[in-house]
Amino acid sequence: MKYMLLMNYPPVQAVPPISEWAPEDMKASGAAMMAIHQELTARGELVGSEGLTGREAAKIVTHDGEGPPVVTDGPFPESKEFLAGYWLIDVESEERAIEIAARTSAAPGPGGRPTAREIQVRPVMSPPDTEM
């Protein structure tokens with residue numbers, strides 16, 4: 001079963017933005033995430049992953065099918081949560097997807113304490129059955 005692990009960066013109580021972390025804390029967090037990434041690769045569970053730029057580079061596009069599309073900056077500053085990246089995994093069960101998400105949420109932050117960031121676990125939809 002494929003799952004998308006979405007890594008959002010809403011404010012977490014007592015955890016400053018990563019831009020304010022000490023270099024050694026950023027390095028430890030990166031190492032923890034890389035260890036998970038390497039394990040998923042070695043087990044053949046990693047389908048794809050990407051980190052995303054900050055919300056300052058995001059655009060929102062809407063189109064009504066006529067004329068040019070409307071392109072705006074976004075997410076808007078009043079939005080406290082934004083998508084930071086994702087892992088697309090192919091695992092045997094939802095329990096395994098949750099296990100991976102839990103380890104990701106517990107990656108170290110300032111002072112080595114787990115950040116407890118929310119990780120969204122969402123099944124990837126299967127294509128409809130076209131056989132009659």
Side-chain angles (χ1 to χ4, degrees):
M1 297 183 69
K2 289 184 182 173
Y3 290 88
M4 180 77 73
L5 305 183
L6 301 168
M7 296 162 206
N8 293 315
Y9 281 107
V12 175
Q13 190 172 5
V15 178
I18 197 165
S19 60
E20 297 174 14
W21 292 12
E24 61 272 13
D25 291 334
M26 289 176 64
K27 186 176 180 178
S29 181
M33 297 296 276
M34 184 54 70
I36 296 169
H37 183 91
Q38 290 170 339
E39 176 190 323
L40 295 175
T41 300
R43 291 177 60 131
E45 295 174 322
L46 185 65
V47 176
S49 66
E50 295 292 339
L52 302 173
T53 62
R55 58 183 165 195
E56 68 280 352
K59 302 288 183 217
I60 295 176
V61 178
T62 55
H63 192 244
D64 62 6
E66 297 181 24
V70 176
V71 180
T72 57
D73 293 335
F76 299 104
E78 60 271 11
S79 174
K80 303 244 186 273
E81 183 177 297
F82 65 96
L83 184 61
Y86 70 89
W87 282 343
L88 179 59
I89 57 174
D90 191 353
V91 294
E92 293 183 17
S93 66
E94 181 178 77
E95 290 77 20
R96 174 68 177 142
I98 290 170
E99 174 189 329
I100 296 164
R103 287 182 52 209
T104 303
S105 177
R113 292 180 304 280
T115 58
R117 293 201 185 278
E118 290 182 3
I119 307 297
Q120 204 178 122
V121 177
R122 296 182 58 183
V124 174
M125 290 176 39
S126 299
D129 186 6
T130 57
E131 292 186 28
M132 305 260 174

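Bear in mind the structure is a predicted one, so any value in this text is a computation, not a measurement.
Taking all atoms of both residues into account, the shortest heavy-atom contact from L5 to A97 is CD2-O, 4.0 Å. Here the closest non-hydrogen pair linking R117 and S105 is O-OG, 2.7 Å. Of all heavy-atom pairs between A107 and M33, the closest is CB-SD, 3.9 Å. When all heavy atoms are compared, the tightest approach of A101 to V121 is CB-CG2, 3.5 Å.
Taking A28 as the reference, P108 meet the side chain to side chain contact (heavy atoms under 4.5 Å, CB included) condition, with sequence neighbours excluded. With sequence neighbours excluded, the residues satisfying side chain to side chain donor-acceptor pair (under 3.5 Å) with R96 are E39, E45, E99.
In the hydrophobic clustering of ILVMFWY residues, with side-chain heavy atoms under 4.5 Å counting as a link, I36 and I89 come out together. There is no path of hydrophobic side-chain contacts, each under 4.5 Å, that joins V124 to L40. Note: the hydrophobic cluster containing I119 does not contain L52 (ILVMFWY, side chain heavy atoms under 4.5 Å, direct or indirect links). Under the 4.5 Å side-chain contact rule for hydrophobic residues, M1 and V91 share a cluster.
A heavy-atom distance below 4.5 Å is found between the side chains of K59 and D73. Using a 4.5 Å heavy-atom threshold, the side chains of Y3 and I98 count as separate.
Between the side chain of S29 and the backbone N or O of D25, no donor-acceptor pair lies under 3.5 Å.
Summarising the geometry, atom CG belonging to L83 is positioned 5.5 Å from atom CG belonging to L6; distances are rounded to the nearest 0.5 Å. Rounding to the nearest 0.5 Å places NE2 of H37 at 11.5 Å from OG1 of T104.
For the side chain to side chain donor-acceptor pair (under 3.5 Å) condition, the pairs that include at least one residue of residues 83-94, sequence neighbours left out, are S93-E95.
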